[in-house]
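Here's the structure, in structure tokens; my notes come after.
Below, all heavy atoms of this structure are taken into account, side chains as well, without hydrogens, waters or symmetry copies.
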Amino acid sequence: MTQSASQKLKLKEKVGYGFGDFASSMFWKMFSVYLLFFYTDVFGISAAVVGTMFLVTRIFDGANDPIMGIIADNTNTKWGKFRPYLLWIAVPFGIIGVLTFTTPDLSITGKIVYAYVTYCLMMIIYTAINVPYASLLGVMTSDLKDRTSLATYRFIFAFAGSILVLALAEPLVDFFSKTDTEVLDAQQGWQFTMIVFSIIAILFFLGTFYLTRERIQPPKEQKTSLKADLKNLAANKPWFILLGAGVCSLIFNSLRDGSAIYYFKYFFENQEAFLLPFFEVSITFSTLYLVLGQGANIVGVLMAKIVSDKIGKKNTFFIAMLLASIYSCIFFWFQENDVVLIFIFQFLISACAGIIFPLLWSMYADIADFSEWKTGRRATGLIFSSSSMSQKMGWTLGGALTGWMLAFYGFEANVAQTEEAKVGIRMMLSFMPAIGALLSAAFIWFYKLDDPFMIKVNKELTERRDKEIK
């Protein structure tokens, strides 16, 4: 396995790796864009309750990420350390996803308990499959450019999965909500829509399992030692810096995603952009806005490698987040009749956001190499679990802030909003995420593992591994 660690990956394997984030991002986007709305406007619980639930369950779940990383690092099967979890967890992942978007016939208290239980289970299952999937990038190849390429393929598929969800979620809910009695059943619509997405996600996770291979192994003399791995992680400054940058970038994205559907439902008087005549399904401004954002994300992902090859990963990350912060502040001043400007700035902000994602994951792989180079130990799963933890923490804070801000500004579901509530919703798409982006740029300014240094690290590690073979 070690002999082929630096080999160039074939297109089939890069595509296969991308399949996993296609599946994962479908659920991620359903949760970040629609779950708060589902809980307040369909499920029937208050925004403040949901905000608190997001905080409580995700803080609990955030602790699971390093635990899952440790479990994966200590897993040994004929398929490797990380791939088996794609096979084992895919079906439970889909089932719990459907249950999360199912509305039981219970009292308000019963619904809150049900929401806590199913959402908590969903986050545990998400961790169990996503931490090993993320860690897989760190053991497929040691080639630095191939890693960035892998991360690029990953996020092209990630945003493609997001586009699928954003383009089809509302039309599918509209379609499945129709009943024989001609009374719309939104609860049925959301449940059936999630069944469709769950089946697709399961198939794509299985595709990743069958099409990828693990090549990089820990040093032969390395013995399992949780204490040593945690000690090394605690002394790894680049890890802490990237964790901070990742958390803040996810707060930025989570706030924008979670508030978008409220923005168009309650700030725009006319929600419908056009009607699909054959299916009699309306396409809303929110759908167009969100799909455009994912398309712009893909543009950003494609730009990431081109720009980072010229000016480095760190500089690319910093500039992208700084621009995203500036553009987000400008967004606050747009009114309902500024549709063209709203969509232009959605494209610009989302392109900046798209740039950082492949860089972030490629940099975690660099940190795993740096840790091995410095300490002689490799803990890929533990280090990559921090990436999932940063996602969860950013998602936690962003989701909780969205719910709490809605409550603070006096939001009430399914009624006309006060001017104060409308201002709050606009803040959640502009100044609040801008702060997250600016903090992310500030963190990455202190990141020291630039490309020239990592080339040196990679060369020395390759020499060590070659000696092990001999």
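- Residues Ile241 and Phe443 share a closest heavy-atom pair of CG2-O, 3.1 Å.
- Put simply, the side chain of Glu412 never gets that close to the backbone of Gln417: no donor and acceptor are under 3.5 Å apart.
- The shortest distance between side-chain heavy atoms of Leu242 and Ile444 falls below 4.5 Å.
- Using a 3.5 Å distance cut-off with no hydrogens or angles, the side chains of Asn64 and Thr127 do not pair a donor with an acceptor.
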Practice task
Could you check Leu136 against Glu214 for side chain to side chain contact (heavy atoms under 4.5 Å, CB included), going step by step and ending with a plain yes or no?
Solution key: CA-CA 7 Å; Leu136 185 58; Glu214 297 184 26; 3.5 Å; yes
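- Taking the side chain as every heavy atom from C-beta outward, Lys448 and Phe453 never approach each other to under 4.5 Å.
- With no hydrogens or angles considered, no side-chain donor-acceptor pair links Tyr263 and Ser286 at under 3.5 Å.
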Practice task
Determine, stepwise, if the pair Tyr447 / Ile367 fulfils side chain to side chain contact (heavy atoms under 4.5 Å, CB included).
Solution key: CA-CA 11 Å; Tyr447 184 77; Ile367 288 175; 3.9 Å; yes
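- Atoms CG and CD1, on Asn458 and Ile455 in that order, are 8.5 Å from each other to the nearest 0.5 Å.
- Distance alone, capped at 3.5 Å, places no donor-acceptor pair between the Arg215 side chain and the Thr141 backbone.
- Of the possible polar contacts, none joining the Asn130 side chain to the Tyr126 backbone as a donor-acceptor pair under 3.5 Å is found.
- Between Phe101 and Phe31, the ring planes lie parallel to each other; the angle is under 30°, not in the 30° to 60° tilted range.
- Between the side chains of Tyr85 and Thr75, at least one donor-acceptor pair of N or O atoms lies under 3.5 Å.
- Listed by first and then second residue, the salt bridge (Lys or Arg N to Asp or Glu O under 4.0 Å) pairs that reach into residues 238-262 are Lys29-Asp257, sequence neighbours excluded.
- Between Ile112 atom CD1 and Ile45 atom CD1 the span is 5.5 Å, to the nearest 0.5 Å.
- By the 4.5 Å heavy-atom criterion applied to side chains, Leu406 and Leu36 are counted as neighbours.
- If you run side chain to side chain contact (heavy atoms under 4.5 Å, CB included) between Leu86 and each of Phe209, Phe19, Tyr210, only Phe209 comes through.
- Atoms OG1 and NZ, on Thr212 and Lys12 in that order, are 10.5 Å from each other to the nearest 0.5 Å.
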Exercise for the section: Applying side chain to side chain contact (heavy atoms under 4.5 Å, CB included), run through Ile125 and Ile129 and close with a yes or a no. Expected result: CA-CA 6 Å; Ile125 294 295; Ile129 199 166; 5.5 Å; no
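- Within the structure, side chain to side chain donor-acceptor pair (under 3.5 Å) contacts touching residues 290-306 (residues at least two apart or in different chains) are Ser162-Gln294, Gln294-Asn297, Lys305-Asp309.
- Taking CG of Leu255 as the reference point, atom OG of Ser328 lies at 10.0 Å (rounded to 0.5 Å).
- Between Val56 and Tyr116 the shortest side-chain heavy-atom distance falls below 4.5 Å.
- A side-chain donor-acceptor contact under 3.5 Å links Ser249 to the backbone of Gly246.
- In this structure, the side chain of Ser24 does not engage the main chain of Gly20 through any donor-acceptor pair within 3.5 Å.
- The minimum heavy-atom distance between Ser440 and Cys248, with the atom names listed, is N-CB, 3.6 Å.
- Checked against the 6.0 Å centroid threshold, Phe334 and Phe345 count as a close aromatic pair.
- Nearest approach of Thr57 to Cys120, heavy atoms of both residues: CG2-CB, 4.4 Å.
- Remark: Met321 CE to Ile356 CD1 distance equals 4.0 Å, nearest 0.5 Å.
- Residues Asn236 and Phe240 form no side-chain contact, since every pair of their non-hydrogen atoms from C-beta on lies 4.5 Å or further apart.
- For Thr316, the side chain to side chain contact (heavy atoms under 4.5 Å, CB included) partners at least two apart in sequence or on another chain are Val307, Ser308, Ile311, Ile355, Leu359.
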Exercise for the section: Check step by step if side chain to side chain contact (heavy atoms under 4.5 Å, CB included) holds for Phe431 and Arg426. Expected result: CA-CA 8 Å; Phe431 289 116; Arg426 290 164 60 202; over 6 Å; no
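- Using a 4.5 Å heavy-atom threshold, the side chains of Lys81 and Val139 count as separate.
- The ring of Phe27 has its center closer than 6.0 angstrom to the ring center of Phe93.
- Evaluated for a side chain to side chain contact (heavy atoms under 4.5 Å, CB included) with Tyr289, the options Leu166, Ile342, Ile261 yield exactly one hit, Ile342.
- Under a 3.5 Å cut-off, the side chain of Thr40 and the backbone N or O of Ser46 do not form any donor-acceptor pair.
- With rounding to the nearest 0.5 Å, the separation of CG in Leu438 from CZ in Phe252 is 11.5 Å.
- Asn253 and Ala353 make their closest contact through OD1-CB, 3.8 Å (heavy atoms, listed as atom of the first residue, atom of the second, distance).
- The pair Asp21-Arg154 counts as a salt bridge, with a side-chain nitrogen and a carboxylate oxygen less than 4.0 angstrom apart.
- Exactly one of Tyr17, Tyr133, Phe22, Phe157 qualifies for a ring pair (Phe, Tyr, Trp, His ring centres under 6.0 Å) with Phe204. That residue is Phe22.
- Across all their heavy atoms, Asp366 and Met454 have their closest contact at O-CE, 3.2 Å.
- Judged by distance alone, with hydrogens and angles left aside, the side-chain atoms of Ser198 form a donor-acceptor pair with the main-chain N or O of Met194 at under 3.5 Å.
- Residues Phe411 and Ala47 approach most closely at CD2-CB, 4.4 Å, considering heavy atoms.
- Pairs passing the salt bridge (Lys or Arg N to Asp or Glu O under 4.0 Å) check and including a residue from residues 344-363, sequence neighbours excluded, do not occur.
- Under the 30°/60° scheme for interplanar angles, the aromatic rings of Phe155 and Phe159 are found to be tilted.
- No donor-acceptor distance shorter than 3.5 angstrom exists from the side chain of Glu460 to the backbone of Trp373, with no hydrogens or angles considered.
- Every pair tested for side chain to side chain donor-acceptor pair (under 3.5 Å) that includes a residue from residues 90-100 fails, sequence neighbours excluded, so the list is empty.
- Using a 4.5 Å cut-off on side-chain heavy atoms (C-beta onward), Leu449 and Met363 make no contact.
- Without hydrogens or angle criteria, Lys314 side chain to Trp445 main chain gives a donor-acceptor distance under 3.5 Å.
- In this structure Tyr409 satisfies the side chain to side chain contact (heavy atoms under 4.5 Å, CB included) test together with Met405, Glu420, Met427, sequence neighbours excluded.
- Annotation: side chain of Tyr262 is not in contact with side chain of Met428 (no heavy-atom distance under 4.5 Å).
- Annotation: Tyr39 is in aromatic contact with Phe43 [ring centroid separation under 6.0 Å].
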